[in-house]
**Student:** 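Below is the structure I would like to discuss, written out as structure tokens.
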There are 2 protein chains.
Amino acid sequence: MTVQLAIRTPSHALKARTDWMAGQDSPEPFRVAGTVVHVDEGREIFAEGEDTDCFYKVISGVVRVCKFLSDGRRQIEAFHVAGEIFGFELGGEHILSAEAVSDCTLVSYRRRNVEMMAQKDHTVTRHLFEVAMQSLAQAQGHSLLLGRRGAMEKVASFLLTWATHSTDRHIVHLAMTRQDIADYLGLTIETVSRSLSQLERDGVIALSSVREIRLKNVEALEDLAA
Amino acid sequence: MTVQLAIRTPSHALKARTDWMAGQDSPEPFRVAGTVVHVDEGREIFAEGEDTDCFYKVISGVVRVCKFLSDGRRQIEAFHVAGEIFGFELGGEHILSAEAVSDCTLVSYRRRNVEMMAQKDHTVTRHLFEVAMQSLAQAQGHSLLLGRRGAMEKVASFLLTWATHSTDRHIVHLAMTRQDIADYLGLTIETVSRSLSQLERDGVIALSSVREIRLKNVEALEDLAA
DNA sequence: CGCTTAATTGATCAGGGTCAATCGTGGTGG
DNA sequence: CCACCACGATTGACCCTGATCAATTAAGCG
């Protein structure tokens, strides 16, 4: 067994990374400990302060992981799609909470079981490491996005990121509301809306429906995302 | 051996976490592979795009890890102090660059060597995992900070975070320039300066010297940090 | 002591936040 | 089937925070 420090997958293509869990030299290590659960749209999966008994893998649907600030503001740390793992935290209790953006199917893993498995099978430890590194890359990418000044830059980046999750990379289906996007980008709902309208006026995108966006000029978007 | 998923150390107290590398059940696993290097203030440690041959541990001094955007803006992802590990990335080449904020003493580890050690000694894999989790917590904290709206909130949080690195938690010695702070918080140098001046006018802090700040009213700062 | 670079302060401007009204859309029940 | 309702999204008007531009001050350092 070799520790694979070199993982060349770009951070925005997490979905495609599911393979490492099913690959030849690394069979799905958590499956035996996992329980399939369904969560309805809008429902909470875990809350800030709860014990970190479990972590989860998304089978289908979209999950948001977020923090509620004292004054009511909400900050979304990440959206998670099929294949991604979330709720995997350092301390004994969750620092963040998680909710279903759409109806979701998840696998829930008992941390205790996985810890025990890690004792017997060190490839599990390695997988925990890889999951942590994936999350790290994602979190760093998010910081970079938030640090970016312009609202346009943020929105353009967001669309490009989500285009990679689509089958057709010119059609972006957004599972989340404008409010979710705003809270993810550190903007207001109005600014997100205005930015999208502006992009449509400029002929860069087309808002087929509220949740369905056609990317008409990906290059222009990439320029805007800087 | 047990995989320690439960690490209760708060993310802002990374410095104090050096112990896990020297503790009884986890002797310093990288030391044998490490080389001590000195880096002068302002010097580059590695650049974006370089091969990720090495990663580093800070012995003394402060390091900034950052990204340069196409238009010249700079975004600082993190500052690293004694005991912390950085330059530990997913891909084959660095996404971020690193520079010495002050004169630094570092230990450089060849990734190849550590990979080989991980084959023989699985506690190394575990340590890689723990380092990744620490970095993750730090990156998430940073996202939260950047997402927060007010300039004051950001500056207050920043000061409180750095107070934990001081021996006397009422005296904060800043190794970095205002520009560094600005690039870390996603603000301009002027806004950082004005925020500090405002805090001083309000009697919350005292600017003993440019780089030395006395926290006169920690509680007020905590309120501002929200 | 003057030179250079960082930091502070001031004046002005603009991007995005806030408040408020309107529009769409999907769901429900008559 | 359609009218109504509720909620999300869009759009507009205005304001405020923080960016920008510019000048001054302070702090190393040869």
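Fair warning: this is a prediction, and the values are worked out from it, not measured in the lab. Reminder, nothing fancy here: chain letters follow the sequence lines and each chain counts from 1.
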**Student:** CZ of Arg149(B) versus P of dT17(D): gap in Å, rounded?
**Tutor:** 14 Å
**Student:** For the pair made of CZ in Arg201(A) and P in dT11(D), what is the distance, rounded to whole Å?
**Tutor:** 6 Å
**Student:** Output, in order, the C-alpha distance, side-chain angles, deciding distance and verdict of side chain to side chain donor-acceptor pair (under 3.5 Å) for Arg111(A) and Thr52(A).
**Tutor:** CA-CA 8 Å; Arg111(A) 210 172 72 169; Thr52(A) 48; 2.8 Å; yes
**Student:** First and last nucleotide of DNA chain C touching chain B, 5' to 3', heavy-atom cut-off 4.0 Å?
**Tutor:** dA7(C) to dA11(C)
**Student:** From CG of Leu187(B) over to P of dT20(D), roughly how many Å is that when rounded to an integer?
**Tutor:** 11 Å
**Student:** Closest nucleotide of DNA chain D for Thr188(B) versus for Val210(A): which of these residues is on the 5' side?
**Tutor:** Val210(A)
**Student:** Figure out the CE/P separation between Met152(B) and dT17(D), and round it to whole Å.
**Tutor:** 12 Å
**Student:** Check whether His142(A) reaches the backbone of Tyr184(A) with its side chain - one donor and one acceptor, N or O, closer than 3.5 Å.
**Tutor:** yes
**Student:** For a quick check of understanding: with a heavy-atom distance under 4.0 Å over all strands, which category does Arg194(B) fall into, base, sugar-phosphate or nothing?
**Tutor:** base
**Student:** What heavy-atom pair brings Leu146(A) and Gly186(A) nearest, and what distance separates the two atoms?
**Tutor:** CD2-N, 3.9 Å
**Student:** Rounding to a whole Å, what distance do you find between Gln198(B):CD and dT17(D):C1'?
**Tutor:** 13 Å
**Student:** Which sits closer to the 5' end of DNA chain D, Gly186(B) or Arg178(A), going by the nucleotide each is nearest to?
**Tutor:** Arg178(A)
**Student:** Using the ring pair (Phe, Tyr, Trp, His ring centres under 6.0 Å) definition, which of the options Tyr56(B), Phe55(B), Phe86(B), Phe88(B) pairs with His80(B)?
**Tutor:** Phe86(B)
**Student:** Does dT11(D) have OP1 or OP2 under 4.0 Å away from a side-chain N or O of Ser197(A)?
**Tutor:** yes
**Student:** I need the CG-P distance between Leu199(A) and dT10(D), as an integer number of Å.
**Tutor:** 12 Å
**Student:** Do Gln179(A) side-chain and dC7(D) base share a donor-acceptor contact under 3.5 Å?
**Tutor:** no
**Student:** What's the CG-P distance between Asp183(B) and dA19(D), to the nearest Å?
**Tutor:** 11 Å
**Student:** Between Phe129(B) and Phe129(A), is the gap from one ring center to the other below 6.0 Å?
**Tutor:** no
**Student:** Using side-chain heavy atoms (C-beta onward) and a distance below 4.5 Å, is Leu215(B) in contact with Val204(B)?
**Tutor:** no
**Student:** Would you mind checking if Glu48(A) and Lys67(A) are paired as a salt bridge, meaning a charged N to carboxylate O distance below 4.0 Å?
**Tutor:** yes
**Student:** What is the distance, rounded to the nearest whole Å, between atom CE of Met176(A) and atom P of dC7(D)?
**Tutor:** 22 Å
**Student:** Please check the phosphate of dG8(D) (OP1 and OP2 only) for any side-chain N or O of Thr177(A) closer than 4.0 Å.
**Tutor:** no
